[in-house]
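FYI, the numbering just counts along the sequence from 1.
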Amino acid sequence: MLKNYFYIALSVLLLSSFGAKAQDSRVQGRNQETSIEGLNFYPNPVSNGKIYIISKLSLDKEITIFDVLGKKVLQTILNSRELNIAALSPGVYIIKIKEGESTATRKLIVK
């Protein structure tokens with residue numbers, strides 16, 4: 001009986017250590033995204049069909065917007081601050097902004 005408890009405890013210990021390693025690698029993967037310094041976009045939620053995207057470097061930005069199902073609904077290169085999104089239906093979107101080698105992903109709400 002004591003052997004059974006020992007084997008059960010050992011199994012639980014081994015399984016929990018594998019789970020911790022999987023979680024650690026997921027956190028490291030998320031940290032690999034280099035964020036854009038001084039990135040800000042407004043207004044969010046959007047109600048007028050335009051958003052303004054600013055950053056410290058003010059380089060050209062590659063903008064990609066996805067719906068909640070992951071379908072790409074807009075892709076453009078932005079060389080100013082203003083982005084027209086009037087063609088988007090009201091809803092929740094994911095906006096991916098790439099500037100130089102840096103990338104940022106945020107939630108965008110369109111009213």
Side-chain angles (χ1 to χ4, degrees):
M1 186 78 169
L2 188 57
K3 283 185 179 181
N4 290 341
Y5 287 121
F6 174 74
Y7 289 126
I8 291 171
L10 183 62
S11 299
V12 168
L13 181 63
L14 288 174
L15 290 175
S16 65
S17 67
F18 288 128
K21 289 180 182 177
Q23 289 176 352
D24 290 343
S25 66
R26 187 174 61 205
V27 171
Q28 289 172 354
R30 190 174 281 179
N31 290 339
Q32 289 176 353
E33 179 180 281
T34 14
S35 62
I36 300 173
E37 191 174 351
L39 177 68
N40 191 16
F41 74 94
Y42 59 91
N44 194 16
V46 182
S47 57
N48 63 355
K50 294 180 184 178
I51 60 172
Y52 300 91
I53 303 172
I54 58 172
S55 67
K56 190 171 185 177
L57 294 178
S58 297
L59 300 174
D60 288 353
K61 295 168 187 60
E62 181 181 331
I63 308 294
T64 310
I65 299 179
F66 302 92
D67 63 12
V68 291
L69 299 175
K71 180 182 174 191
K72 189 185 307 182
V73 294
L74 185 127
Q75 184 170 14
T76 188
I77 302 292
L78 187 67
N79 52 18
S80 65
R81 293 182 171 193
E82 183 179 306
L83 176 63
N84 185 348
I85 57 168
L88 296 180
S89 302
V92 178
Y93 297 89
I94 303 297
I95 183 169
K96 182 177 178 183
I97 304 165
K98 183 175 181 189
E99 182 181 51
E101 296 299 315
S102 302
T103 304
T105 305
R106 304 282 190 275
K107 179 168 65 170
L108 174 67
I109 301 171
V110 178
K111 286 188 172 182

Please tell me if the side chains of F41 and L108 come closer than 4.5 Å, counting only heavy atoms from C-beta onward.
-> yes
Rounded to the nearest 0.5 Å, the NZ atom of K98 sits from the CD1 atom of I77 at a distance of 9.0 Å
Nearest 0.5 Å please: distance from the CG atom of L83 over to the CD1 atom of I51.
-> 4.5 Å
Might you work through the side-chain contact (heavy atoms from CB on, under 4.5 Å) test for Q75 and E62, ending with a clear yes or no?
-> CA-CA 7 Å; Q75 184 170 14; E62 181 181 331; 3.3 Å; yes
Please answer: with hydrophobic residues joined when any side-chain heavy atoms are less than 4.5 Å apart, are L74 and Y93 in the same cluster?
-> yes
Which distance, rounded to the nearest 0.5 Å, do you find between the OG of S80 and the CD1 of I53?
-> 9.0 Å
Residue list, salt bridge (Lys or Arg N to Asp or Glu O under 4.0 Å) with K56, at least two apart or on another chain = E37
Can you measure from CD1 (I94) to CG (D67) and round to the nearest 0.5 angstrom?
-> 9.5 Å
What pair of heavy atoms forms the shortest contact from S102 to I36, and how long is it?
-> CB-CG1, 3.7 Å
For K107, enumerate each residue passing the side-chain hydrogen bond (donor to acceptor under 3.5 Å, both in side chains) test, keeping only those at least two apart in sequence or located in another chain.
-> none
CD1 of I97 to OG1 of T103: how many Å apart, nearest 0.5 Å?
-> 10.0 Å
Residue from T64, N44, I65 passing side-chain contact (heavy atoms from CB on, under 4.5 Å) with I95 | I65
Does the side chain of E99 come within less than 4.5 Å of L39's, by heavy atoms?
-> no
Treat each ILVMFWY residue as a node, draw an edge where side-chain heavy atoms are under 4.5 Å apart, and state whether F66 and L78 are in one component.
-> no
For E82, enumerate each residue passing the salt bridge (Lys or Arg N to Asp or Glu O under 4.0 Å) test, keeping only those at least two apart in sequence or located in another chain.
-> K50
NZ of K61 to CZ of R81: how many Å apart, nearest 0.5 Å?
-> 8.5 Å
